[in-house]
Amino acid sequence: MTQRSLTFIAAGGSLALLLGAFAFQHLGGLAPCKMCIWQRYPHVVAVLLGAVALFVPLPALLILGACAALATALIGGYHVGVEQGWWEGPSSCTSSGISGVATDDLFNQIMTAPLVRCDDIAWELAGLSMAGWNMVLSLVLVGFWIAALRARPTSA
């Protein structure tokens with residue numbers, strides 16, 4: 001495959017994952033949690049880098065694209081760990097114990113809590129949550145970015 005086609009696949013994969021996330025949100029009614037939103041930002045960066053790299057095939061753009069895909073995979077992996085209870089997530093979007101909390105403080109925490117918790121799995125397929133699928137597919141995209149970097153440059 002050519003560098004251009006590999007770059008297109010890598011950036012297009014991030015775009016597809018973004019569109020899928022928006023479809024789950026707007027068509028499927030699954031509101032995203034804070035960490036779900038965090039996973040979207042590197043995909044946006046990867047799409048933009050890929051669009052530029054299609055016309056200006058600089059190795060630095062391909063390296064940054066791989067880094068963006070790796071970043072969203074790492075966030076997704078962290079999110080999976082939070083969902084599985086392997087470690088705690090951000091206190092602003094996960095549940096925790098309430099011992100030693102005054103009634104007024106507890107009420108304030110409840111009233112300011114996000115609607116969607118990061119430690120709840122809203123959807124899964126084949127034992128993987130959306131965060132898990134994002135992690136796996138983003139690691140595949142890292143491979144495409146690296147393959148594009150190693151491929152012989154093509155003229156635009």
Side-chain angles (χ1 to χ4, degrees), residues 1-96 113-156:
M1 292 186 110
T2 66
Q3 185 179 67
R4 188 176 176 95
S5 61
L6 290 165
T7 302
F8 183 80
I9 291 169
S14 279
L15 180 61
L17 288 171
L18 271 174
L19 292 175
F22 286 123
F24 274 103
Q25 179 180 349
H26 296 291
L27 301 176
L30 296 176
C33 71
K34 180 183 285 190
M35 288 197 293
C36 293
I37 299 295
W38 293 350
Q39 292 171 72
R40 295 177 185 186
Y41 295 127
H43 281 303
V44 171
V45 171
V47 169
L48 295 175
L49 288 167
V52 173
L54 287 173
F55 299 101
V56 185
L58 297 174
L61 295 174
L62 302 176
I63 292 168
L64 290 172
C67 289
L70 182 59
T72 192
L74 291 173
I75 297 167
Y78 174 65
H79 193 177
V80 168
V82 171
E83 291 172 337
Q84 296 301 319
W86 298 336
W87 47 74
E88 284 192 34
S91 61
S92 60
C93 70
T94 56
S95 62
S96 59
L115 295 175
V116 180
R117 290 188 359 212
C118 297
D119 54 356
D120 281 341
I121 298 174
W123 178 91
E124 66 180 1
L125 175 68
L128 286 178
S129 66
M130 283 188 275
W133 281 108
N134 179 61
M135 179 186 68
V136 169
L137 295 173
S138 294
L139 288 173
V140 170
L141 295 178
V142 170
F144 278 105
W145 282 107
I146 292 171
L149 181 63
R150 297 183 69 186
R152 170 171 255 137
T154 54
S155 58

Pair up each side-chain donor or acceptor in residues 37-49 with any protein partner under 3.5 Å, not counting sequence neighbours, and list the distances.
residue: Q39; atom: OE1; partner: N134; partner atom: ND2; Å: 2.8
residue: Q39; atom: NE2; partner: M35; partner atom: O; Å: 3.2
residue: Q39; atom: NE2; partner: H79; partner atom: ND1; Å: 2.9
residue: R40; atom: NH1; partner: Q25; partner atom: OE1; Å: 2.8
residue: R40; atom: NH2; partner: Q25; partner atom: OE1; Å: 3.1
residue: H43; atom: ND1; partner: S14; partner atom: OG; Å: 2.9
residue: H43; atom: NE2; partner: N134; partner atom: OD1; Å: 2.7

Anything under 3.5 Å between a donor and an acceptor, one on a side chain of residues 141-150, the other on a protein residue two or more places apart or in another chain? List them.
residue: W145; atom: NE1; partner: G65; partner atom: O; Å: 3.4

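- For the pair C36 and M130, the minimum side-chain heavy-atom distance is 4.5 Å or more.
- Closest heavy-atom contact between L62 and A53: CD2-CB, 4.0 Å.
- Looking only at distances, a side-chain donor or acceptor of W87 sits under 3.5 Å from a matching main-chain atom of Y78.
- The structure places OG1 of T7 at 9.0 Å from CG of L61, a figure rounded to the nearest 0.5 Å.
- For the atom pair R4 CZ and F55 CZ, the distance stands at 6.0 Å (nearest 0.5 Å).
- Here the CE atom belonging to M135 is positioned 9.5 Å from the CG atom belonging to L74, to the nearest 0.5 angstrom.
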